[in-house]
2 protein chains.
Amino acid sequence: MRKHVLIYGLCGGLLIVALKLIEYRFLVVEHSIEIYGGVVAALFAVVGIWLGLKLTRKKETVVVREVAVPAPPFRVNQTRLQELGITRREHEILELIASGLSNREIANKLFVSENTVKTHSSRLFDKLSAKRRTQAVQIGKQLGLIP
Amino acid sequence: MRKHVLIYGLCGGLLIVALKLIEYRFLVVEHSIEIYGGVVAALFAVVGIWLGLKLTRKKETVVVREVAVPAPPFRVNQTRLQELGITRREHEILELIASGLSNREIANKLFVSENTVKTHSSRLFDKLSAKRRTQAVQIGKQLGLIP
DNA sequence: CTCAAAATCACCCGAAAGTATGACGACAGG
DNA sequence: CCTGTCGTCATACTTTCGGGTGATTTTGAG
């Protein structure tokens, strides 16, 4: 800011000197003082406006808008399934257990015997280190095997 | 913009007239033309700077920064709890069931008897229209009672 | 204080869940 | 052809769950 003022002052001084040097050659007409003043005024006004624009050009307003992330579509973690050696049937049964069905209901839905469902779920619990179906569901969710 | 220029011009004209009116009273000294020019220059430069600032004050660069909302914080649906007449204890037990604990484990955790846990869960199942604990968990999630 | 709701506990019993073990057929891959 | 995996099923047994009933204590609102 100070710098700008100094530069401005210097320019003003130089301009005045320049004008003085030529005032007796081209502006000797009587009453030309008004023209002289107007020109000087216009010139410095333009310089002032330019300076003012220069000084404030960098103003910015940062607007932070929070955007809700759309629900990430559930994707079964196939890698984990393989790691744990969980078969398709076992995974299918885990899903049905998670939806709140009993062994018998699952058996009916899959057209197999209840005992089969029990064996599957037993093996599933082993692989998930679960002792109960509720725990299996909880672990399954945590591992991304079910939504 | 046009308006500003006009106003400026008008002011300039008025100033010149004003100066002319007093030039023979206070600035009759020879060579005072330099002082006159300097004053006019400084005055209009100031006006110019002010104008420049005024013109650009409202210019803003809007930067939109999208912020991903991490996880929608889970909020228990208290209204639904009241609608169903589920007590605090029952809700507490629903949460523990959902985390995969057995009745006995819940009893130990809450320092009550297993029978108490059974009674609570029984009433809870009634209120949720659930026949099994797994179903209670599924319904509870659906109703926003548990995360 | 009083009353009702909530929380606690007990006992019984049948149903469901879970464990253990063995067996059989289908099917893919070496 | 042989072997391993998967899916299927069965039997027997133990544990857990859940329903039903009744009772006592705590607690909070009026």
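Letters A, B, ... are given to chains in the order of the sequence lines, protein chains preceding strands, and every chain is numbered from 1.
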Polar atom pairs (N or O), protein with nucleotides 17-19 of chain D, under 3.5 Å:
{"residue": "D:dC17", "atom": "OP2", "partner": "B:Asn103", "partner atom": "N", "Å": "3.1"}
{"residue": "D:dG18", "atom": "OP1", "partner": "B:Arg133", "partner atom": "N", "Å": "2.7"}
{"residue": "D:dG18", "atom": "OP2", "partner": "B:Arg133", "partner atom": "NE", "Å": "3.0"}
{"residue": "D:dG18", "atom": "O6", "partner": "B:Lys118", "partner atom": "NZ", "Å": "3.0"}
{"residue": "D:dG19", "atom": "OP2", "partner": "B:Ser122", "partner atom": "OG", "Å": "2.9"}

Nearest whole Å is fine: how far is [N] [atom2] from [X] [atom1]?
{"X": "B:Gln135", "N": "C:dA17", "atom1": "CD", "atom2": "P", "value": "11 Å"}
{"X": "A:His120", "N": "C:dA17", "atom1": "NE2", "atom2": "C1'", "value": "16 Å"}
{"X": "A:His91", "N": "D:dC6", "atom1": "NE2", "atom2": "P", "value": "15 Å"}
{"X": "B:Arg88", "N": "D:dT26", "atom1": "CZ", "atom2": "C1'", "value": "14 Å"}
{"X": "B:Leu110", "N": "C:dT8", "atom1": "CG", "atom2": "C1'", "value": "12 Å"}
{"X": "B:Gln82", "N": "C:dA6", "atom1": "CD", "atom2": "P", "value": "11 Å"}
{"X": "A:Leu81", "N": "D:dT5", "atom1": "CG", "atom2": "P", "value": "18 Å"}

Could you go through the salt bridge (Lys or Arg N to Asp or Glu O under 4.0 Å) check for B:Glu83 and B:Lys127 one step at a time?
CA-CA 10 Å; B:Glu83 282 173 5; B:Lys127 291 169 183 173; over 6 Å; no
Between B:Gln142 and B:Gln138, does any side-chain donor sit less than 3.5 Å from a side-chain acceptor?
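B:Gln142 vs B:Gln138: donor-acceptor pair found between side chains.
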Any idea which heavy atoms bring B:Lys118 and B:Asn103 closest together, and the distance?
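Answer, listing the atom of B:Lys118 first, then B:Asn103: CG-ND2, 3.9 Å.
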Are the side chains of [Y] and [X] in contact, using a 4.5 Å heavy-atom criterion?
{"X": "A:Leu128", "Y": "A:Leu145", "answer": "yes"}
{"X": "B:Phe125", "Y": "B:Ile139", "answer": "no"}
{"X": "A:Arg123", "Y": "A:Ile86", "answer": "no"}
{"X": "B:His120", "Y": "B:Thr116", "answer": "yes"}
{"X": "B:Leu81", "Y": "B:Thr87", "answer": "no"}

Should we say atom NZ of A:Lys141 is surrounded by more than 12 heavy atoms from elsewhere, each under 6.0 Å from it?
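Yes.
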Under a single-linkage definition using a 4.5 Å side-chain heavy-atom cutoff for Ile, Leu, Val, Met, Phe, Trp and Tyr, are B:Phe74 and B:Leu96 assigned to the same hydrophobic cluster?
yes
Do any N or O atoms of the protein come closer than 3.5 Å to N or O atoms of nucleotides 24-30 of chain C, and which pairs are they?
none

Could you check whether B:Thr87 gets within reach of a base, just the sugar-phosphate, or nothing at all, counting any heavy atom under 4.0 Å?
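Sugar-phosphate only.
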Need the bend value for the helix from C:dC1-D:dG30 to C:dG30-D:dC1: angle between end axes, 5 pairs each end, nearest 10°.
60°
Are any of the side-chain nitrogens in B:Glu105 or A:Arg132 under 4.0 Å away from the carboxylate oxygens of its partner?
yes
Of all the nucleotides listed (C:dA7, C:dC9, D:dG7), which has the minimum atom distance to the side chain of B:Arg89?
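Among the listed nucleotides, the one closest to the side chain of B:Arg89 is C:dA7.
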Toward the 5' end of DNA chain C, which comes first, B:Gly85 or B:Ser113, by nearest nucleotide?
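Going by which nucleotide is closer to the 5' end, it is B:Gly85.
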